[in-house]
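The structure under discussion appears below in the form of structure tokens.
Every chain is numbered from 1 and lettered A, B, ... according to where its sequence line falls, protein lines coming before strand lines.
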2 protein chains.
Amino acid sequence: MSQPQPIGDNGRDAIIAAAADCFMEAGYDSTSIDAVADRLNATKGRVYHYYRSKAELFYDVYRRGMVINLSTIQPIVERDLEPREKLETMSKAHVRNMLDHLNFQRVVMQGVEMHLAGATTPAQRQQLASLMKERERYEGLFRQVLVEGRQHGVFRFDNASFASKAVLAILNNPVLWYRRRQDAAHDGHEEIVEEFTRYAMNCVAATQT
Amino acid sequence: MSQPQPIGDNGRDAIIAAAADCFMEAGYDSTSIDAVADRLNATKGRVYHYYRSKAELFYDVYRRGMVINLSTIQPIVERDLEPREKLETMSKAHVRNMLDHLNFQRVVMQGVEMHLAGATTPAQRQQLASLMKERERYEGLFRQVLVEGRQHGVFRFDNASFASKAVLAILNNPVLWYRRRQDAAHDGHEEIVEEFTRYAMNCVAATQT
DNA sequence: TTGACAACATACTCGGTAGTATGTTCACAA
DNA sequence: TTGTGAACATACTACCGAGTATGTTGTCAA
């Protein structure tokens with residue numbers, strides 16, 4: 001049922017963060033609730049006090065990941081920018097999120113996989129389906145800008161749905177191989193952000209830069 | 001240790017196919033050996049007669065997927081084509097493979113995930129690492145054409161490694177959402193092939209088409 | 001024709017983990 | 001000061017599934 005998460009609920013927050021790290025490092029199935037508890041220097045009791053099942057915990061982590069992404073992109077969408085600049089700003093912000101919140105983003109990836117795999121129980125299916133809607137909404141924000149840009153003649157593509165998938169495929173890619181640098185100062189983030197954003201833009205651009 | 005798979009080994013072939021389907025539908029962890037056996041109208045005994053562990057079976061399925069891809073692309077690489085046409089031909093063939101062999105391609109995806117997650121035992125890590133090398137070799141085929149095209153002035157990008165990742169990210173994308181049509185005649189494959197190939201080409205193109 | 005091995009099937013073990021049942025402690029309220 | 005519930009810890013159960021040990025059947029070779 002997972003209540004609409006009261007903000008600043010520190011009880012859950014620490015658990016979510018620990019779970020995100022565990023899921024990132026070992027994947028959903030291979031992560032035991034005990035492992036999550038260990039990372040908190042606590043025991044199962046603490047986790048099960050807040051979550052009724054492992055699946056619900058996972059969903060909450062997933063949801064947190066989507067909240068991070070949506071709350072970053074939504075304000076940009078609402079800004080008054082020309083489509084080209086808007087998409088570029090959105091893209092850069094998205095890639096930065098990928099790099100800055102690797103743990104949550106990997107969980108989001110796993111959620112997609114789980115959805116493909118087909119969750120076991122009907123209740124789980126339903127939960128996952130609603131999470132996927134969030135994801136589609138997110139994709140819709142990009143699609144919307146793309147369509148607008150096409151009307152203005154700055155973008156070119158046939159199927160808007162395919163185009164948004166292609167763009168996000170590029171922007172999500174770093175999640176598949178990026179590993180955190182120990183040196184926080186020059187972490188190479190900007191190079192990745194710039195380059196993958198450029199690829200994404202080119203992909204649907206009507207005219208060359 | 002999995003011998004260098006004698007071709008036409010029908011004993012393993014049926015198992016590999018069944019396992020690919022199971023892994024696609026339920027994912028690695030949620031697939032039991034019994035489930036694979038059931039799909040063959042057989043029992044565990046048959047599977048364990050050919051494979052020492054579930055992991056080894058998975059690796060063999062993964063390897064089969066890579067063989068499908070490599071054996072499709074390699075001949076194209078060796079053809080004498082200009083870089084643009086070569087990349088286009090490779091891309092189309094790749095996307096077709098994605099759609100035609102969904103089960104194996106999903107397993108390849110899961111393999112990447114497993115590698116990120118970090119397999120449990122050292123032996124598994126080593127196995128996965130060697131499989132990832134195959135994958136990198138495959139990516140190398142694309143990178144090679146990209147670099148060649150850049151010299152000819154038809155492609156433009158900074159980091160060749162990033163560029164090849166971006167291109168393949170697009171071409172792999174359909175695996176994440178495509179679902180087999182019941183109607184084999186008009187399955188919509190060609191539309192997907194054409195469109196995603198175009199996005200991939202645009203992504204690194206120096207001049208507009 | 002026999003015996004040796006491949007190709008399975010059957011019947012078990014056993015560890016790991018999700019979930020539960022039941023303490024224990026502390027804060028705060030009446 | 002007591003009692004009530006939140007926030008955990010401890011100790012347990014129950015099951016699932018990987019792997020094993022041991023049949024059983026057919027085939028082919030000497």
Side-chain angles (χ1 to χ4, degrees), chain A residues 1-3 5-6 8-19 22-23 25-61 107 110 114 117-125 127-128, chain B residues 1-3 5-6 8-19 21-23 25-61 110 114 117-125 127-128:
Chain A
M1 292 296 143
S2 68
Q3 316 305 330
Q5 45 189 10
D9 183 342
N10 277 322
R12 291 177 206 262
D13 276 358
I15 298 175
I16 289 177
C22 289
F23 288 146
E25 290 174 8
Y28 178 76
D29 290 280
S30 301
T31 295
S32 68
I33 298 289
D34 291 293
V36 175
D38 280 356
R39 188 167 293 235
L40 293 165
N41 291 324
T43 65
K44 290 172 91 143
R46 181 162 169 195
V47 177
Y48 277 103
H49 179 67
Y50 293 96
Y51 293 97
R52 309 181 73 185
S53 72
K54 185 178 169 183
E56 261 193 29
L57 173 56
F58 179 84
Y59 298 147
D60 225 29
V61 176
V107 169
Q110 287 176 38
M114 280 181 59
T120 17
T121 81
Q124 285 184 13
R125 283 191 156 286
Q127 273 276 9
L128 264 178
Chain B
M1 289 298 138
S2 72
Q3 317 303 331
Q5 43 189 12
D9 183 341
N10 276 325
R12 292 179 205 261
D13 277 358
I15 298 175
I16 289 177
D21 289 340
C22 289
F23 288 145
E25 290 173 9
Y28 177 76
D29 290 280
S30 301
T31 295
S32 67
I33 298 290
D34 291 291
V36 175
D38 280 355
R39 188 166 292 234
L40 292 165
N41 292 324
T43 64
K44 290 171 92 142
R46 180 159 169 199
V47 176
Y48 277 104
H49 180 68
Y50 293 96
Y51 293 98
R52 310 183 70 187
S53 73
K54 185 178 170 184
E56 261 192 29
L57 173 56
F58 179 84
Y59 298 147
D60 225 29
V61 177
Q110 288 177 38
M114 281 182 55
T120 17
T121 79
Q124 285 184 13
R125 284 193 153 285
Q127 274 274 10
L128 264 179

Tell me which donor-acceptor pairs under 3.5 Å the side chains of residues 29-38 of chain A have, and how far apart each pair is, sequence neighbours excluded?
residue: A:T31; atom: OG1; partner: A:C22; partner atom: O; Å: 3.2
residue: A:T31; atom: OG1; partner: A:G27; partner atom: O; Å: 2.7
residue: A:S32; atom: OG; partner: A:A35; partner atom: N; Å: 3.1

Expected string for nucleotides 13-26 of chain C under the B/S/- scheme (protein heavy atoms, under 4.0 Å, primed atoms plus P, OP1, OP2 as sugar-phosphate) is -----BBB------
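We find that CG of B:D13 is positioned 16 Å from C1' of C:dA7, with the value rounded to whole Å. The separation between B:F58 atom CZ and D:dG19 atom C1' is 19 Å, rounded to whole Å. The nearest whole Å value for the distance from the CD1 atom in A:I15 to the P atom in D:dA7 is 10 Å. What separates CZ of B:R46 from C1' of C:dA9 is a distance of 12 Å, to the nearest Å.
Regarding contacts with the backbone of D:dC8, every side-chain N or O of A:H49 stays at 4.0 angstrom or more from both OP1 and OP2.
Between A:E25 and A:R39, the closest side-chain pair of non-hydrogen atoms falls below 4.5 Å. Contact check for B:L57 versus B:Y48: no side-chain heavy atoms found under the 4.5 Å cut-off.
The backbone N or O of A:A55 lies less than 3.5 Å from no partner atom in the side chain of A:Q124, so there is not a single donor-acceptor pair. Between the A:Q110 side chain and the A:F23 main chain, a donor and an acceptor come within less than 3.5 Å of each other.
Distance check, rounded to the nearest 0.5 Å: CZ of A:R12 to CG of A:D60 gives 6.5 Å.
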